[in-house]
Amino acid sequence: MPEPYAAALPRSAAPKPYAPDELRALDRAHVWHPYGPMPGRQEPLIVESASGVRLRLAEPVEGQRELVDGMSSWWSAVHGYNHPVLNEAARGQLDRMSHVMFGGLTHEPAVRLATRLVEITPGPLQHVFLADSGSVSVEVAVKMCLQYWRSAGRPAKRRLLTWRGGYHGDTWQPMSVCDPEGGMHELWSGSLPRQVFVDAPPDGFDAEPDPAYARRLREGIAEHADELAAVIVEPVVQGAGGMRFHSPAYLRVLREACDEHDVLLVLDEIATGFGRTGKLFAAGHAGISPDVMCVGKALTGGYLTMAATLCTTRVAEGISSGEVPVLAHGPTFMGNPLAASVASASVDLLLGQDWEGEVARIGAGLRSGLAPAADLAAVVDVRVLGAIGVVQLDHEVDMAAATRAAVREGVWLRPFRDLVYTMPPYVTEDEDVARICRAVCAAAREG
Ligand SMILES: *Cc1c(COP(=O)(O)O)cnc(C)c1O
């Protein structure tokens, strides 16, 4: 191809960097942060670069210039930062094209990724919608389910059932199935679609399943079957709704009851996918397959925003043979080649290593390193599953004090509500896992 911009390459250098104080002032004045006010009230730390499991700060904070990342940037950076393989995938794709529209066009990065996702997820999931964020993938999942029943001539089936304590994202439909109490979305309870809630599943991954609770799940689904399009839950781990673990047995109950009463089952694996809980997907703990499944977060190894909604042939054909025989959803950046290339590289990187061994190793490190937290007066529970460690307090964490305590140990943590928790990148070495645990204990003590 000719080089259309050869003559136009700018001679000027990159813009002059902001001094930290200047950057902070502009950030405060103009930039929203997650769940933040305007102008900002908390002082965010300034990250200059990141490599391996370490974030490099623009200036020392509490005597630390580098922090071990205990959060994987909210479940996503499973391979750590600045990974040569993922960099190469991005760079190679950048030289071919960053993006082209997906209407009427297709390309290898999207097709390769979708095919790979079909291969590694439960067998019946055969069709892939590439969305641009986790919340959007949940919107798409809900739209698929509602449209499936509309196409089947049963438009009254348009509500969702979920259990309390969940989190499915911040856009409208996802908000409607987030925990209705104490959650971030209480404010909107009058405006959101009214969904059917059952109690949160009893705590404990290894706990003996409670037959009375299983019965209530079945009854909830049976009672509302005529108006239910789908049941949507996070399998095994409820993440941002409270970092709670439950027995996989309840997922089998949901699968059976959904089949019995003609209700679709949506599993939101956005947080749990790609090995975090010890199985590649958390549905694997229960040996079940959903009708629709959402993945996101670790999909691109934390590089770019992309998520996916997968569905069965039954759902896809139902939609495509209906009165409006298309799924009417099509984001501008659907199938983004840059994100898709990095995602395929990230999946290959994961599956090309002993990820199960690494997740188990980190889990063992968390178990021993967090055990001392159980002796702290304010700690009510310490729990570990896969490469997730959680310390629960008897009070709301003082975020500023807890963050400071962790930073002093050289670790980045982001506690919320009564929880100090960590899900380190899978490449975190044992000494750094130990350091993260010391930081979680310090944050629990001082927060
Ligand atoms: C993070 C998350 C979402 C939302 O994903 P975004 O990319 O933040 O929109 C949805 N469901 C679960 C379970 C999540 O953890």
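Counting starts at 1 for both ligands and their atoms, in listed order.
- Ser137 contributes a side-chain N or O that, together with a main-chain N or O of Gly134, makes up a donor-acceptor pair within less than 3.5 Å.
- Annotation: atom 7 (O) of ligand 1 to nearest protein heavy atom, Gly134 N, 2.8 Å.
- Considering backbone and side-chain N/O of Lys297, one or more are found under 3.5 Å from N/O of ligand 1.
- Counted by atom type alone, Tyr148 and Asp291 present zero donor-acceptor pairs between their side chains at under 3.5 Å.
- Among His168, Glu139, Glu269, the residue whose heavy atom sits closest to atom 10 (C) of ligand 1 is His168.
- Atom numbering of ligand 1 starts at 1 in the shown order; those under 4.0 Å from a heavy atom of Asp268 are 10 (C), 11 (N), 12 (C), 13 (C).
- For ligand 1 and Gly169, the ligand atoms under 4.0 Å from any heavy atom of the residue are 4 (C), 10 (C).
- Formation of a donor-acceptor pair under 3.5 Å by the Arg28 side chain with backbone atoms of Pro39 is not found in this model.
- For the residue pair Ser176 / Gln195, a side-chain donor-acceptor distance below 3.5 Å is found, with atom types taken as modelled.
- Between His83 and His79, the two ring planes are perpendicular [angle over 60°; tilted spans 30° to 60°].
- Residue pairs satisfying the ring pair (Phe, Tyr, Trp, His ring centres under 6.0 Å) criterion with at least one member in residues 119-147, sequence neighbours excluded, are listed as follows: Phe129-His329.
- Taking every non-hydrogen atom of Glu234 and a distance limit under 4.0 Å, the qualifying atoms of ligand 1 come out as 13 (C).
- Residue Val138 places no N or O, backbone or side chain, under 3.5 Å from any N or O of ligand 1.
- Close approach of ligand 1 to Ser135 (heavy-atom distance below 4.0 Å) involves ligand atoms 4 (C), 5 (O), 6 (P), 9 (O).
- Residue contacts with ligand 1, taken as heavy atom pairs separated by less than 4.0 Å, involve Tyr167 via backbone and side-chain atoms alike.
- Counted by atom type alone, Arg276 and Ser72 present one or more donor-acceptor pairs between their side chains at under 3.5 Å.
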